[in-house]
Colleague: 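Supplied in structure tokens, the structure appears directly below.
Below, chains carry the letters A, B, ... as their sequence lines are ordered, and counting in each starts from 1.
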Amino acid sequence: MSTAGSDPLRKDSDRDPLRKEDGPAPSAGATVGEPVLTARPDTAEAFLAVRDLKIHFNTDDGLVRSVDGISFDLQRGRTLGIVGESGSGKSVTSLGIMGLHRTAKARISGEVWLDGEELIGADPDRVRRLRGMKMAMIFQDPLSAMHPYYTVGAQIVEACRVHQDVSKQVARKRAIEMLDRVGIPEPHQRVADYPHQFSGGMRQRAMIAMALVNNPELLIADEPTTALDVTVQAQILDLIRDLQKEFGSAVIMITHDLGVVAELADDLLVMYAGRCVERGTAEKVFTEPQHPYTWGLLGSMPRMDRERTERLNPVKGAPPSLINVPSGCAFHPRCPYVGLNGGSSETIVPELRETAAGHWSACHLGEQDRDRIWTEEIAPKL
Amino acid sequence: MPQEDVKIPQQSTAGAEPLLRVTGLVKHFPITKGMLRRQVGAVQAVDGIDLQVAAGQTLGVVGESGCGKSTMGRLITRLLEPTGGKIEFQGRDITHLSVGEMRPLRRDVQMIFQDPYSSLNPRHTIGTIVGAPFKLQKVATESGVKKEVQNLLELVGLNPEHYNRYPHEFSGGQRQRIGIARALALKPKLVVADEPVSALDVSIQAQVVNLLDDLQSELGLTYVIIAHDLSVIRHVSDRIAVMYLGKVVEVADREALYGQPMHPYTNALLSAVPVPDPKRRTARQRILLTGDVPSPINPPSGCRFHTRCWKATEVCSTQEPPLIALATGHEVACHHPENAPAKAQEKNAQGKGAENGPAIGNQPTDL
Ligand SMILES: Nc1ncnc2c1ncn2[C@@H]1O[C@H](COP(=O)(O)OP(=O)(O)OP(=O)(O)O)[C@@H](O)[C@H]1O
Ligand SMILES: Nc1ncnc2c1ncn2[C@@H]1O[C@H](COP(=O)(O)OP(=O)(O)O)[C@@H](O)[C@H]1O
Ligand code: SF4
Ligand code: SF4
Ligand SMILES: [Mg+2]
Ligand SMILES: [Mg+2]
């Protein structure tokens, strides 16, 4: 299996086109001069390399295959977006990378390499030490990540002192600095507030301050703005972007909102039923999506940047069970093109294949069918 | 478009009597303290709203969390008692009807709730839930309640055989369909939907949006749809009201609101919507608002948006801008509107001594 997000020769100027004056956008077909990726880059090269990660849970109802073989690479300074519907395994993946699953219940296999160090088989103490220092996470619900009985300041100080040998005074100063950075007004006073005294947006920002107090090199943001208003969301996304620019961190942005991903991500990974169904640069996946599920996602979204369409084109049906995952391609019960592949969609699990340079898709559709469906049926309706 | 008198608020749907007309609607929740429950203040959740909804149309209501959208929805469905103002349904004043007096009207005005998980009683079967309105209203249907319910289930795309199942056996999207079936049971004229799709995944959300759309054309329903997602609101609405801190700050037809937004807050909201196109992010100009939404207990003086507005001048903090029509069917409450026709802008600034006053900062850069 090969990987996206690992393109070491990608021009630096491509990396952060954000907030630049409008230059001509690189055209979708601008792949001519780009290097062809080697099928499997050396894992030692990528800052974060995930290989065939599987996370299954034993439950009374049976084995839940929440994550069932995910692989990707991520370089410093880049952002990987992970999208997929609720229950597709996004959060379980990120908790797995952070080493936050209780091993008694979860069955984890595969490899997670962070800066050349393997984490899945590593000593839990070692992983704990890396967490909060080298890697940090922003959760969807800031209330669950912050302790209600301690002040916001105390919690940031604690996060700082666990990993850095600094005095309380220094840590406190740093906490105020961080609160200021994330846009909390009057941080000197607010540092003594309890989480419930903050508004939702402020709590989210305080949690980001806590996650960033030790300048982590890997930041995982799991639906960091789902609960927030668009104006606050825009503030948070800008904040994450600025901090990444400043510290050159690698960021994983998990969300079901394709708009959020398009704002931030360099690379994109689309998950369905615990597996990656499509992967590539964000631009490729948005402009030339190849997997029927990605088509469905794009067709479901009302878009403000386009002429209003009379009707949306949602994926039909409901999300699959992860205990009795559908045979063959897990998407087949909902896929309109299941009949085009001579029965293989129902029986054979499609492998992730490189279908264009830097673009992978897991689908049995032949190239001709795929291109025809995309240009004739899907693209005109988006 | 020539505008004779820009001061007269005008609906684009002028002429036809609106199905729903709301005038000066107010809801204050008292804040009490101590044993004697002395009132020490009030949450000014809805503070003077004028709205009209034409029959067969969809009014979308957007605004940030806590701005009073749900409260407004519960007021017009009379689930809450208004503190002031007037609500007229089909020309009849229903502002202070008692529960008993409201009962016959309940058939006509229905509400769909935000949370498909908590709005259905977990101990009741789908049949009981969807059939309840018939029983409450003592409607004896010819074909019997069961038959009616099964028809409804089919109408919203659920299997009629699911009659005896319980809510937990359904997904979020299916539960929302059950909520819709219940709301449609008595063939209402007006349906108020409070965030009907925001708890749902994008593909399920799209299914429900399409369903609401089909039902509207099939049954001639009138909708008030409350949502915070501006893309969804654009898709479903004919006309849109933007709320900020208990007030309507702008109302316009869909194309006008999204094409020529006049209120600075509307402009900020629209510019903050993430666009699902990675190529566009370089070209976009975002208006970033500083600070959080102020408290509805102590709303700012003058224009309530002035604490976050980059166009604010002195007059904004002292004088509340009235909601007036600056173009046909396009009402806005702002001393310094954007995209306003030149003539209207002049009129609006008259007598306020702050014509194009200096803005405080230009584009605010937050953080
Ligand atoms: N029963 C109540 N008692 C006191 N205050 C209330 C009550 N109901 C609502 N409020 C307050 O009124 C204001 C408006 O609330 P409302 O629920 O209408 O907001 P909303 O616009 O629907 O927000 P959201 O988008 O978060 O649903 C808020 O400040 C809220 O806290
Ligand atoms: N501790 C657990 N035990 C059993 N099943 C779990 C556990 N955590 C998550 N799951 C299941 O794994 C699947 C993926 O969950 P999750 O990663 O949270 O989805 P999402 O993509 O929405 O973040 C879901 O079906 C969820 O119910
Ligand atoms: S493999 Fe078959 S069922 Fe799966 S996405 Fe492709 S066409 Fe659809
Ligand atoms: S009245 Fe003043 S503060 Fe209010 S929106 Fe207009 S310019 Fe901004
Ligand atoms: Mg999740
Ligand atoms: Mg609400």
Colleague: Taking every heavy-atom pair that is under 4.5 Å apart, which of A/Met202, A/Arg311, A/Met301, A/Lys316 has the most such pairs with chain B?
Modeller: A/Arg311

Colleague: Hey, are the side chains of B/His235 and A/Leu312 touching, using non-hydrogen atoms and a 4.5 Å cut-off?
Modeller: yes

Colleague: Would you compute the distance between atom OG of B/Ser203 and atom CD of A/Glu85 and round it to the nearest 0.5 angstrom?
Modeller: 5.0 Å

Colleague: Select one option (side chain, backbone, both, neither) describing which atoms of B/Leu200 are under 4.5 Å from chain A's heavy atoms.
Modeller: neither

Colleague: Is it the backbone or the side chain of A/Gln233 that comes under 4.5 Å from a heavy atom of chain B, or both, or neither?
Modeller: side chain

Colleague: Passes side chain to side chain contact (heavy atoms under 4.5 Å, CB included), A/Gln235 versus B/Arg286? Steps please.
Modeller: CA-CA 10 Å; A/Gln235 291 172 12; B/Arg286 258 235 230 76; over 6 Å; no

Colleague: Please state whether the side chain, the backbone, both or neither of B/Asp213 comes within less than 4.5 Å of a heavy atom of chain A.
Modeller: side chain

Colleague: Kindly compute the distance separating CZ (A/Arg308) from OG (B/Ser237), expressed to the nearest 0.5 Å.
Modeller: 8.5 Å

Colleague: Considering only heavy atoms and a distance below 4.5 Å, find which of A/Ala265, A/Gly296, A/Ala318 pairs most often with chain B.
Modeller: A/Ala265

Colleague: For the CG atom of B/Asn210 and the CD atom of A/Glu310, what is their distance to the nearest 0.5 Å?
Modeller: 10.5 Å

Colleague: Quick one: what part of B/Val209 sits under 4.5 Å from any heavy atom of chain A, side chain, backbone, both or neither?
Modeller: side chain

Colleague: Roughly how far apart are A/Met304 CE and B/Leu270 CG, rounded to 0.5 Å?
Modeller: 5.0 Å

Colleague: Hey, which of A/Leu298, A/Asp305, A/Leu258 has the most heavy atom pairs under 4.5 Å with chain B?
Modeller: A/Asp305

Colleague: Ignoring hydrogens and angles, state whether a donor on the side chain of B/Glu64 or A/Thr231 is under 3.5 Å from an acceptor on the partner side chain.
Modeller: yes

Colleague: Could you tell me which portion of B/Leu269 (side chain, backbone, both or neither) has an atom closer than 4.5 angstrom to a non-hydrogen atom of chain A?
Modeller: both

Colleague: Nearest 0.5 Å, please: how far is CG in B/Asp229 from CG in A/Asp229?
Modeller: 11.5 Å

Colleague: Do A/Ser300 and B/Asp201 come close enough that some side-chain heavy atom pair is under 4.5 Å?
Modeller: no

Colleague: Strictly distance-based, threshold 3.5 Å: is any side-chain N or O of A/Glu263 a donor or acceptor partner for the main-chain N or O of B/Pro276?
Modeller: no

Colleague: How long is the span from the CG atom in B/Leu288 to the CG atom in A/Leu237, to the nearest 0.5 Å?
Modeller: 10.0 Å

Colleague: B/Arg254, B/Glu255, B/Gln174: which one forms the most heavy-atom pairs within less than 4.5 Å of chain A?
Modeller: B/Arg254

Colleague: So which atom in B/Ile204 and which in A/Pro319 form the shortest heavy-atom distance, rounded to 0.1 Å?
Modeller: CD1-CD, 4.2 Å

Colleague: Give the member of A/Val285, A/Asp257, A/Thr309 that has the highest number of heavy-atom pairs under 4.5 Å with chain B.
Modeller: A/Thr309

